[in-house]
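These notes concern the structure reproduced below.
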Amino acid sequence: QVQLVESGGGLVQAGGSLRLSCAASGRTFSSYVLGWFRQAPGKEREFVARVSWNGGSRYYAESVRGRFTISRDNAKNTVYLQMNSLKPEDTAVYYCAADESLGLVAAQYHYWGQGTQVTVSS
C-alpha cells in the first residue's frame with residue numbers, strides 16, 4: 001500500500017501560479033504511476049495529469065496542457081503539479097492518486113490522498 005498526502009493548495013488570483021506537492025509513504029514509490037485529479041462542486045472528478053514510473057512519460061488533460069506541469073522526484077517520494085496561468089475554472093479540490101498501472105480514469109487508481117483546495121479568483 002501507499003499513503004498520499006497533498007499540500008500547496010490555496011487562494012490565488014487569475015493568472016497566478018501554485019505548486020502542489022504530494023508526499024508518499026509505504027511501498028516503493030517508483031513502482032507507482034502518479035496522477036492528479038480535481039473535483040469542482042457539483043461536478044465529477046476529472047483527470048488532470050499523470051506521470052509514469054520513472055517520469056519519462058507525462059500526459060495532460062486538454063484543459064491544462066501548456067499551463068500545468070507534472071513531475072516526480074523518486075528520491076523524495078514526492079510528485080508535484082506546477083500550475084501556471086491559473087483560471088477561475090481551475091478552482092477545485094485537487095487529489096493525488098497512485099496505481100501500479102497507467103491510467104487516465106479515476107476508477108483505475110487504487111490509492112488516493114485527502115485532497116487540497118485550490119481557489120482561483122477572477
Side-chain angles (χ1 to χ4, degrees):
Q1 281 208 352
V2 61
Q3 292 77 45
L4 304 169
V5 179
E6 302 96 334
S7 61
L11 174 64
V12 63
Q13 288 188 333
S17 298
L18 281 175
R19 188 176 82 154
L20 305 183
S21 299
C22 175
S25 60
R27 288 181 57 191
T28 306
F29 183 72
S30 59
S31 299
Y32 293 93
V33 173
L34 279 302
W36 286 97
F37 291 77
R38 65 188 183 186
Q39 188 167 18
K43 294 188 176 181
E44 296 285 321
R45 190 169 298 189
E46 65 173 0
F47 169 80
V48 175
R50 65 112 169 106
V51 60
S52 62
W53 305 268
N54 63 358
S57 173
R58 307 177 190 184
Y59 190 82
Y60 299 91
E62 183 63 34
S63 59
V64 306
R65 194 168 295 148
R67 300 187 297 122
F68 290 11
T69 302
I70 189 171
S71 62
R72 66 188 295 165
D73 185 338
N74 285 349
K76 295 183 178 180
N77 283 10
T78 302
V79 61
Y80 305 97
L81 185 68
Q82 178 66 43
M83 305 185 294
N84 299 329
S85 302
L86 282 160
K87 305 175 181 179
E89 51 263 45
D90 293 318
T91 295
V93 177
Y94 283 70
Y95 296 91
C96 173
D99 197 78
E100 294 177 341
S101 302
L102 285 172
L104 301 178
V105 178
Q108 295 177 284
Y109 285 78
H110 283 86
Y111 305 105
W112 291 85
Q114 82 289 349
T116 186
Q117 176 71 46
V118 172
T119 302
V120 184
S121 63
S122 57

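Everything quoted here is computed from the prediction, not taken from an experiment. Computation of the quantities below employed the complete heavy-atom set of this structure, encompassing side-chain atoms and omitting hydrogens, waters and symmetry-equivalent molecules.
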Donor-acceptor pairs under 3.5 angstrom involving side-chain atoms of residues 81-88: please list them, not counting sequence neighbours.
unit_1	atom_1	unit_2	atom_2	d
Q82	NE2	N84	OD1	2.9
N84	OD1	S17	OG	2.9

Kindly give the heavy-atom pair with the smallest separation between [X] and [Y], and that separation in Å.
| X | Y | value |
| --- | --- | --- |
| T116 | G9 | OG1-N, 3.2 Å |
| L104 | F37 | O-CE2, 4.1 Å |
| Q117 | V93 | OE1-CG2, 3.2 Å |
| T78 | S21 | CG2-CB, 4.3 Å |
| T69 | Y60 | CA-OH, 3.4 Å |
| A106 | W112 | O-CZ2, 3.3 Å |

Qualifying residues under side-chain contact (heavy atoms from CB on, under 4.5 Å), relative to [X], sequence neighbours excluded:
| X | result |
| --- | --- |
| T28 | S30, S31 |
| V105 | A107, Q108 |
| A98 | V2, L4, Y32, L34, Y111 |
| A40 | K43, A92 |

Find out if a path of hydrophobic residues (ILVMFWY) with successive side-chain heavy-atom gaps under 4.5 Å connects [X] to [Y].
| X | Y | value |
| --- | --- | --- |
| V48 | L18 | yes |
| V79 | Y59 | no |
| V120 | V64 | yes |

State whether F29 and R72 meet the cation-pi test: NZ (Lys) or CZ (Arg) under 6.0 Å from the six-membered ring centroid, and within 45° of the perpendicular axis.
->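 Output yes; distance and angle both within limits.
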[X] (side chain) donor-acceptor with [Y] (main chain) under 3.5 angstrom:
| X | Y | value |
| --- | --- | --- |
| T119 | T91 | no |
| Y94 | W36 | no |
| N54 | N74 | no |
| E6 | C96 | yes |

Interatomic distance, N77 atom CG to S25 atom OG [nearest 0.5 angstrom] |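 Nearest 0.5 Å value for the CG-OG distance: 8.0 Å.
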Hey, are the side chains of V33 and W53 touching, using non-hydrogen atoms and a 4.5 Å cut-off?
->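 When only atoms from C-beta onward are counted, W53 and V33 do touch, with a gap below 4.5 Å.
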Under the salt bridge (charged side-chain N to carboxylate O under 4.0 Å, His left out) test, which residues partner R38, sequence neighbours left out?
->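 For R38, the residues satisfying salt bridge (charged side-chain N to carboxylate O under 4.0 Å, His left out) (neighbours in sequence not counted) are E46, D90.
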Taking atom CD of Q114 as the centre, does the number of heavy atoms from other residues, nucleotides or ligands within less than 6.0 Å exceed 12?
->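 Atom CD in Q114 is crowded, with more than 12 foreign heavy atoms closer than 6.0 Å.
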